[in-house]
Amino acid sequence: MTQTRLLLIDYLCNHNPTLIAELNSLDGKFVLALLSQQFPGAQNPIKTLGSLLFSSFDANGSDKSLAEEVAQILEREFLSRISDDIYRSETLTDKARELLVSNHDKAIKFLSNSIFKLDLTVRLRNVLEKTGLQTIEEVLRMKHADLLKARNCGRKSLRDLVAEVERRVVVAFKGDKFDDFLNSLNDETFNPLRECLDLLIAELEEGEESILEDRYGLWDGKPETLQDIGDKRGVTRERIRQIEKKAVTRLRNSRYREFLTKFLGLYFNLKIKGKVEEKYGLITDAELRDILFEDDREGKNYEELAYTAIADIFFEGKNIFSQILSVCEPGVYHLIRSACRNFSKTVSSIVSLLESKGESQQLDRIADSIGLNKDPTKYKLLQRYLEISSVIGIDVAGKVGLRKWKTFNPTTIPNMAFRALEELGQPSHYSEIWEKISAMFPNRAPSNPRCVHNMLVGMPEVFVRTAMGKYGLVKWNIRKPPFIKDFMIELLENAKRPLPRDYIKEKTLSACNCKEASLQMMLDLTPKAFRKFPDGNYGLSKW
């Protein structure tokens, strides 16, 4: 034993001279600590040291059994260390105890971890800190009866502690199912959002898990209300709401949020990033959903339901990629934060220009005004801004306007007629206006031109009737034409004498846009107003 310890001391001193002063108190615990420092990358530092000593002794012609004795002594020291207080720890479950003992080469590093490595509640962490516990090893040596004496520590806190220690042991020695899931992600993965959510809710108790599955329709694709779920289980909707709230609170654990953040980053890079780059780095909520749910099989919407569940549970209903993308405006995202500032600046400039003009402007004029027309790349980027912005936009006629203007993106017949007349640029027959509406807004146009006519007649504050069936816009400062009869009476009264028929015809047709036959009928068939004199001229009957 003495010879082995001396050889060990000699080896360690030669490789780490600063340890000489500390080796006088060499024991099993200290040896393990030294080995962990000496071989930080080794899976089994004991075997690593044994191998080195083995080759060293062999070179000196020494007995190899001495090296084996070193390894056996160190292993016995370690096993004895975890076989008393730690092996019998109340905080270890049978599964965790078996893993800890069978992986003694990794256990020293695990036991030396700070209690902050454990994902504990604030209350339990405060309890452990107040009792002076700093490492996981110290926690395992602590008896539950002593912990229960601490203030604010109850049996539920102890159950949480046991569960978390078991989870950490499994992760340390057997691997983490969350890490395995992340490592399995690839371009061919089907429904990863649903699989990610399944992995998360599997951490809940059975009742909580089934309620969330029913709530978001994860089994049959049909989300259920609190009342529906309560009726199935014979409890009130309030009780279901309480269980749901408890489940959501548990899932918002920092460990699950960390996993979800990593998953979304990987998933974004695999499935979405390339398509966003094709759109100049800009994407909207609606476009994201189209990308995410384009592969749902057999018309099922399980992936979309999983998306909704993840958004509601972890992001309060917001877009689930809002943690990865930068927000340019509500519902519009960019890969680069600095590009969002450029987006906002350009949109603000266009809004100011449109408000000063008071009406829609051609795209080329807008591009010229903000200095983008000469750069093809920036011009295309401007078009992309107009496609996705919720403030400004470009319509089917290629004009840029504010989306809040009713006539810019019309949904009613009068507003569509207004836009159609703006494009026609002159008073037009209602059938022509209907044809223009059908061309500009094919999905919203009325099926019958008479619908357009009825709306035009009923809105004299916007539309002016310029002739039979023809209409223009009030903003064009067009005066409503007088009736034929009134115009001819006024014309004769101003002349104060009978006038030739051709003269009356010329003046009336230019002012009233009526037909010549209508004018002649009015002169010949209204004796109370007009009379024909022997010389062929027409005057007023009262003359």
Side-chain angles (χ1 to χ4, degrees), residues 91 93 95-96 118-127 144 148 152-168 170-171 176-178 181 191-264 292-293 296 300-323:
T91 308
T93 62
K95 179 180 179 180
L118 299 174
D119 195 357
L120 304 174
T121 62
V122 175
R123 172 183 293 182
L124 185 53
R125 182 169 293 167
N126 289 338
V127 168
H144 283 191
L148 287 171
N152 291 332
C153 184
R155 295 196 176 277
K156 181 180 181 303
S157 295
L158 290 181
R159 288 196 299 272
D160 292 343
L161 176 61
V162 171
E164 176 58 15
V165 168
E166 178 183 27
R167 185 190 72 79
R168 289 297 304 179
V170 172
V171 170
D176 190 340
K177 63 179 181 180
F178 292 111
F181 177 79
N191 278 356
L193 281 175
R194 171 66 189 274
E195 293 168 15
C196 171
L197 183 60
D198 287 344
L199 196 66
L200 287 167
I201 63 177
E203 298 289 296
L204 300 172
E205 296 177 2
E206 185 177 349
E208 296 171 341
E209 181 181 356
S210 62
I211 284 175
L212 281 187
E213 288 172 341
D214 289 344
R215 193 79 171 92
Y216 290 98
L218 301 178
W219 277 112
D220 56 5
K222 298 177 182 177
E224 297 182 20
T225 64
L226 296 173
Q227 189 66 52
D228 293 336
I229 301 171
D231 291 344
K232 276 197 311 188
R233 289 166 171 74
V235 297
T236 64
R237 64 188 304 277
E238 175 59 21
R239 180 56 186 149
I240 298 299
R241 187 195 66 78
Q242 292 171 355
I243 297 173
E244 180 189 20
K245 183 179 179 181
K246 180 182 176 183
V248 169
T249 302
R250 289 184 63 183
L251 287 176
R252 286 177 178 170
N253 180 296
S254 59
R255 175 191 174 219
Y256 303 142
R257 289 292 294 268
E258 181 182 355
F259 157 70
L260 186 59
T261 301
K262 290 180 180 177
F263 161 74
L264 292 177
L292 292 173
F293 312 134
D296 273 3
K300 301 295 185 182
N301 59 343
Y302 291 122
E303 190 78 342
E304 186 169 2
L305 292 171
Y307 174 96
T308 302
I310 292 174
D312 288 349
I313 294 170
F314 296 97
F315 301 100
E316 299 178 348
K318 299 177 183 177
N319 184 286
I320 64 176
F321 293 106
S322 58
Q323 305 298 311

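Sequential numbering from 1 along the given sequence is applied to the chain's residues.
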Engineer: With a 4.5 Å cut-off on side-chain heavy atoms, are Leu158 and Leu148 touching?
Structural biologist: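 Yes. Closest side-chain heavy atoms under 4.5 Å.
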
Engineer: Count the heavy atoms of every other residue, nucleotide or ligand shown that sit under 6.0 Å from CD of Glu238, and state whether that count exceeds 12.
Structural biologist: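 Yes, the 6.0 Å shell around CD holds more than 12 heavy atoms from other groups.
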
Engineer: Go through the steps to decide whether Asp160 and Arg123 satisfy the test salt bridge (charged side-chain N to carboxylate O under 4.0 Å, His left out), and finish with yes or no.
Structural biologist: CA-CA 11 Å; Asp160 292 343; Arg123 172 183 293 182; over 6 Å; no

Engineer: Is the shortest side-chain heavy-atom distance between Ile243 and Val235 below 4.5 Å?
Structural biologist: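 A side-chain contact under 4.5 Å is absent here.
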
Engineer: Rounded to the nearest 0.5 Å, what's the gap from CZ on Arg125 to OG on Ser157? Could you check?
Structural biologist: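 Interatomic distance, Arg125 CZ to Ser157 OG, rounded to 0.5 Å: 13.0 Å.
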
Engineer: If you take all heavy atoms of Leu197 and Ala309, which pair is closest and at what distance?
Structural biologist: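 Nearest heavy atoms, Leu197 then Ala309: CD2-CB, 3.6 Å.
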
Engineer: Does the salt bridge (charged side-chain N to carboxylate O under 4.0 Å, His left out) test come out yes or no for Asp198 and Arg194, once each step is laid out?
Structural biologist: CA-CA 6 Å; Asp198 287 344; Arg194 171 66 189 274; 3.1 Å; yes

Engineer: Evaluate side chain to side chain contact (heavy atoms under 4.5 Å, CB included) for Ile313 paired with Arg215, printing each intermediate quantity in order.
Structural biologist: CA-CA 12 Å; Ile313 294 170; Arg215 193 79 171 92; over 6 Å; no

Engineer: How many angstroms lie between CG in Leu199 and CD in Glu195, if you round to the nearest 0.5 Å?
Structural biologist: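 Answer for the CG-CD pair, Leu199 versus Glu195, is 9.5 Å.
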
Engineer: Could you walk me through whether Glu244 and Arg241 satisfy the salt bridge (charged side-chain N to carboxylate O under 4.0 Å, His left out) test, starting with their C-alpha distance in whole Å, then the side-chain angles of each, then the deciding distance to 0.1 Å, before giving a yes or no?
Structural biologist: CA-CA 5 Å; Glu244 180 189 20; Arg241 187 195 66 78; over 6 Å; no

Engineer: When rounded to the nearest 0.5 angstrom, what is the spacing between NZ in Lys246 and CZ in Arg250?
Structural biologist: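 These two atoms lie 6.5 Å from each other.
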
Engineer: How far does CD of Glu258 sit from CZ of Phe263, to the nearest 0.5 angstrom?
Structural biologist: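 Taking CD in Glu258 and CZ in Phe263, the distance rounds to 15.5 Å.
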
Engineer: Distance check, rounded to the nearest 0.5 Å: Phe321 atom CZ versus Tyr307 atom OH?
Structural biologist: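 One finds 7.0 Å between CZ of Phe321 and OH of Tyr307.
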
Engineer: What verdict does the side chain to side chain contact (heavy atoms under 4.5 Å, CB included) test give for Lys232 and Asp214, after you've listed the backbone C-alpha separation in whole Å, the side-chain angles of each residue and the deciding distance to 0.1 Å?
Structural biologist: CA-CA 11 Å; Lys232 276 197 311 188; Asp214 289 344; 3.2 Å; yes

Engineer: Run the side chain to side chain contact (heavy atoms under 4.5 Å, CB included) check on Ile211 and Ile229 step by step: do they pass?
Structural biologist: CA-CA 7 Å; Ile211 284 175; Ile229 301 171; 4.3 Å; yes

Engineer: Hey, could you give me the CG/CD distance between Leu292 and Glu304, rounded to the nearest 0.5 Å?
Structural biologist: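 Going from CG on Leu292 over to CD on Glu304, the span is 9.5 Å.
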
Engineer: Do you know which two heavy atoms are closest between Ala247 and Leu212, and how far apart they sit?
Structural biologist: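 Between these two residues, the closest heavy atoms are CB-CD1, 4.1 Å.
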
Engineer: Which heavy atom in Leu305 sits nearest to a heavy atom in Gly217, and how many Å separate them?
Structural biologist: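 Here Leu305 and Gly217 meet closest at CD1-O, 3.4 Å.
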
Engineer: Between Phe314 and Ile320, is a side chain to side chain contact (heavy atoms under 4.5 Å, CB included) present by the stated rule, with each step listed?
Structural biologist: CA-CA 8 Å; Phe314 296 97; Ile320 64 176; over 6 Å; no

Engineer: Working note: Ser322 + Asn319, criterion side chain to side chain donor-acceptor pair (under 3.5 Å); need CA distance, chi angles, decisive distance, verdict.
Structural biologist: CA-CA 5 Å; Ser322 58; Asn319 184 286; 5.4 Å; no

Engineer: Counting only heavy atoms from other residues, nucleotides and ligands, does the tally under 6.0 Å from NZ of Lys318 exceed 12?
Structural biologist: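 No - once you tally the heavy atoms of other residues, nucleotides and ligands closer than 6.0 Å, there are 12 at most.
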
